[in-house]
Amino acid sequence: MAKMYYENEINESVLKGKKIAIIGYGSQGHAHALNLKESGFDVVVGVRPGKSFDQAKEDGVEVKTVAEAAAEADVIQILLPDERQKAVYEAEIAPNLTTGKALMFAHGFNIHFGQIVPPADVDVFLVAPKGPGHLVRRQFQEGAGVPGLFAIHQDATGEARDLALAYGKGIGSARGGLLETTFAEETVTDLFGEQAVLCGGATALVKAGFETLVEAGYQPELAYFETLHELKLIVDLMFEGGMETMRYSVSDTAEWGDYVTGPRIVTDEVKENMKAVLKDIQDGTFAKDWINENETGRPRYTKYKEEGANHQIEEVGRKLRSMMPFIQEGKKKVVIK
Ligand SMILES: NC(=O)C1=CN([C@@H]2O[C@H](COP(=O)(O)OP(=O)(O)OC[C@H]3O[C@@H](n4cnc5c(N)ncnc54)[C@H](OP(=O)(O)O)[C@@H]3O)[C@@H](O)[C@H]2O)C=CC1
Ligand SMILES: CC[C@](O)(C(C)=O)C(=O)O
C-alpha cells in the first residue's frame, strides 16, 4: 500500500508566515481561498475584474489583480482554466515569480505538456483535490475533506514537499488523505478519469440508457429516474462502502445484473476503447487537440455544449428537479457558475 498523509502528521508552520496568492476564483479557486483562510493562512486572490472578482469581495477575501497578487505572494497557486494558464502566466505571473517563490497548480497539464516552463530558482509543485471544487468547499465546511494528490516538479528551496503537505492540510484534503504522485502520473490519470469514466463515460452511459428506454416507448420521466436520478443513490452506496455495500442494499436480481448484464454492456471492446483514449492522453494527441480547439475559438465545444443542454434528459430533469425542493436546497450550498 502507498503511504497516505493525514492531518495529524503534517506540520503546517512552514506555510504559516507566507502569503498565498490564489489566482482564479472559480470552482477550485473559491474553495482553496476560503478553506485556507479559515485554516488560518494568509490569502490574497488574484483575478481579473468581473464576476469572480466581485464574488471574492462579497465573500470577504482580499482580492487584487493577478499581477498584484503574484507580486506580493510567496506561494502562487494557479487556479485558472488549464487552457488560459499559459497566457496569464506569461503576462502577469512570470514577471513576478522571483527567486525562492513557489509556483503551484491543482492539475499538471501545463507543466507536463510543456506549456509553462518556470525558472529553475523557484519551487514548483501541485496539490490536486480529487473532486470538484464546490465539493472541496462543502465537505470542508462539514468537517470532512476531499482526498488529494501532491507532486513536486522542482524543489529549489528544499521546502517544496513540506509546503505541499501544509497546503493540502489547509484546504482540508489531508482529512481524506494526501497521496504523493508525479506531474506525469497526475496529469494522465486525471485526464483519463474525467474523459473516459467520470464526465465522459458516465454521461454517455446514462444518455444511452435514457435514449434506449424512450425510443422503446417508455415515459421520459420514468427513464430519467431510472438512469440518472437513481444512479446518484447507487453511487452513494458504492462511495460509502464499496460495491459490497451497494450489493447488500439492492435486490438479488439487481445484483445479478452487476455480474451478468453489466459485462454485456461494458464489453472487452469498451476496454479497448479506454486503452486507446489512454494512449492518446499519454502521447499528447489529446492535449494537442484540446489546445487547438481553444486556439481556434472552441467551435466543437460550443456546438456540443448547446446540444448537451438541449438533450431531452436535461429538459425532463430540470422539470422534475424543480419539484424536489430538497435537491434545490443542496444546490444552494454550492456556488453555481
Ligand atoms: N473544476 C474542478 O473541480 C477541478 C479543477 N482542477 C484544476 O483546477 C484549475 C482551475 O480549474 P477550475 O476551478 O475548474 O476553473 P474555473 O473555470 O472554475 O475558474 C476559472 C477562474 O479563472 C478566472 N479567469 C479565467 N480567465 C482569466 C484571466 N484571463 N485572467 C484572470 N482570471 C481569469 C475566472 O474568472 P472570471 O469569472 O472572470 O471568468 C475564474 O475565476 C485547473 O487547473 C483544473 O484542471 C483540478 C481538480 C478539479
Ligand atoms: C472529474 C473532473 C475533474 O478532473 C475533477 C473534478 O477532478 C476536473 O478537472 O474538473
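Both counts, for ligands and for their atoms, begin at 1 and track the order of listing. When reading the values below, keep in mind they use all heavy atoms of this one structure, side chains included, and skip hydrogens, waters and symmetry mates.
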Item to check | Cluster overlap Phe286 with Tyr301, hydrophobic side-chain contacts below 4.5 Å | outcome: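 They do share one cluster, since a chain of ILVMFWY contacts under 4.5 Å joins Phe286 to Tyr301.
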Next on the checklist: Could you see if Leu228 belongs to whatever hydrophobic cluster contains Val316? Use Ile, Leu, Val, Met, Phe, Trp, Tyr and a side-chain cutoff under 4.5 Å.
Outcome noted: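 Same hydrophobic cluster.
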Out of all atoms in ligand 1, which are within 4.0 Å of some heavy atom of [X]? Include the element for each.
{"X": "Asp82", "value": "42 (C), 43 (O), 44 (C), 45 (O)"}
{"X": "Tyr25", "value": "21 (C), 40 (C), 41 (O)"}
{"X": "Arg84", "value": "25 (C), 26 (N)"}

Next on the checklist: Ignoring hydrogens, what is the shortest heavy-atom contact between Tyr6 and Gly176? Give both atom names and the distance.
Outcome noted: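 The answer is CE2-O, 3.6 Å.
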Checklist entry - Can you find a heavy atom in the side chain of Met238 that is under 4.5 Å from one in the side chain of Arg247? => result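 Counting from C-beta outward, Met238 and Arg247 never come under 4.5 Å.
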Checklist entry - Going by the order shown, which atoms of ligand 2 are within less than 4.0 Å of some heavy atom of Gly131? => result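 Those qualifying, in numeric order: 6 (C).
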Next on the checklist: Suppose I only count heavy atoms of Leu198 and a 4.0 Å limit; which atoms of ligand 2 are within that range?
Outcome noted: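 The atoms of ligand 2 under 4.0 Å from a heavy atom of Leu198 are 1 (C).
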Counting only N and O atoms by type, is there a donor-acceptor contact under 3.5 Å from the side chain of [X] to the main-chain atoms of [Y]?
{"X": "Asp252", "Y": "Trp256", "result": "no"}
{"X": "Asn96", "Y": "Glu92", "result": "yes"}
{"X": "Gln85", "Y": "Leu80", "result": "yes"}

Next on the checklist: Counting the benzene-type ring for Trp, do His32 and Tyr167 have ring centres under 6.0 Å apart?
Outcome noted: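 Yes, close enough.
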Checklist entry - Is the distance between the ring centroids of Phe183 and His153 less than 6.0 Å? => result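 Yes, the ring of Phe183 comes within the 6.0 Å limit of the ring of His153, centre to centre.
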Item to check | Closest approach of any protein heavy atom to atom 7 (O) of ligand 2, naming residue and atom | outcome: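 Of the protein heavy atoms, Asp190 OD1, 3.8 Å lies nearest.
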Checklist entry - So which protein heavy atom does atom 3 (C) of ligand 2 come closest to, and at what separation? => result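 For this ligand atom, the closest protein heavy atom is Glu194 OE1, 3.6 Å.
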Next on the checklist: At under 4.0 Å between heavy atoms, is it the side chain or the backbone of Cys199 that contacts ligand 2, or both, or neither?
Outcome noted: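 Side chain only; the backbone of Cys199 stays clear of ligand 2.
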Next on the checklist: With rounding to the nearest 0.5 angstrom, report the CG to CZ distance, Leu165 to Phe125.
Outcome noted: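 The CG atom of Leu165 sits 9.5 Å away from the CZ atom of Phe125.
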Per [atom], closest listed option by heavy atom ([options]):
{"atom": "atom 34 (C) of ligand 1", "options": "Gly133, Pro129, Gly108, Ser52", "result": "Ser52"}
{"atom": "atom 21 (C) of ligand 1", "options": "Gly50, Gly26, Ala91", "result": "Gly26"}
{"atom": "atom 39 (O) of ligand 1", "options": "Gln28, Lys51, Arg48", "result": "Arg48"}
{"atom": "atom 20 (C) of ligand 1", "options": "Gly24, Pro49, Ala56, Pro81", "result": "Pro81"}

Checklist entry - Does ligand 1 have an atom that lies less than 4.0 angstrom from a heavy atom of Gly131? => result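 Gly131 counts as a contact of ligand 1 under the 4.0 Å cut-off.
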Checklist entry - Would Lys169 and Ser39 satisfy side chain to side chain contact (heavy atoms under 4.5 Å, CB included), going step by step from the backbone distance to the final call? => result CA-CA 9 Å; Lys169 182 175 180 177; Ser39 295; over 6 Å; no
Next on the checklist: Using a 3.5 Å cut-off on N or O atoms only, is Ser27 in polar contact with ligand 1?
Outcome noted: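 There is such a contact, yes.
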Next on the checklist: Using a 3.5 Å cut-off on N or O atoms only, is His107 in polar contact with ligand 1?
Outcome noted: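 In fact, backbone or side chain, His107 has no N or O that close.
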Next on the checklist: Below 4.0 Å, non-hydrogen atoms only: which portion of Gln85 touches ligand 1? Side chain, backbone, both or neither.
Outcome noted: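 Side chain only; the backbone of Gln85 stays clear of ligand 1.
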Checklist entry - Any idea which part of Val88 is under 4.0 Å from ligand 1, heavy-atom wise: side chain, backbone, both or neither? => result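 The side chain, only.
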Checklist entry - Does the protein put a heavy atom less than 4.0 Å from atom 10 (O) of ligand 2? => result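 It does not: no protein heavy atom is found less than 4.0 Å away from atom 10 (O) of ligand 2.
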Checklist entry - Considering all protein heavy atoms, does one lie under 4.0 Å from atom 5 (C) of ligand 2? => result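 False for atom 5 (C) of ligand 2.
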Checklist entry - How are the rings of Phe225 and His229 set to each other: parallel, tilted or perpendicular (split at 30° and 60°)? => result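 Perpendicular: the ring planes of Phe225 and His229 meet at over 60°.
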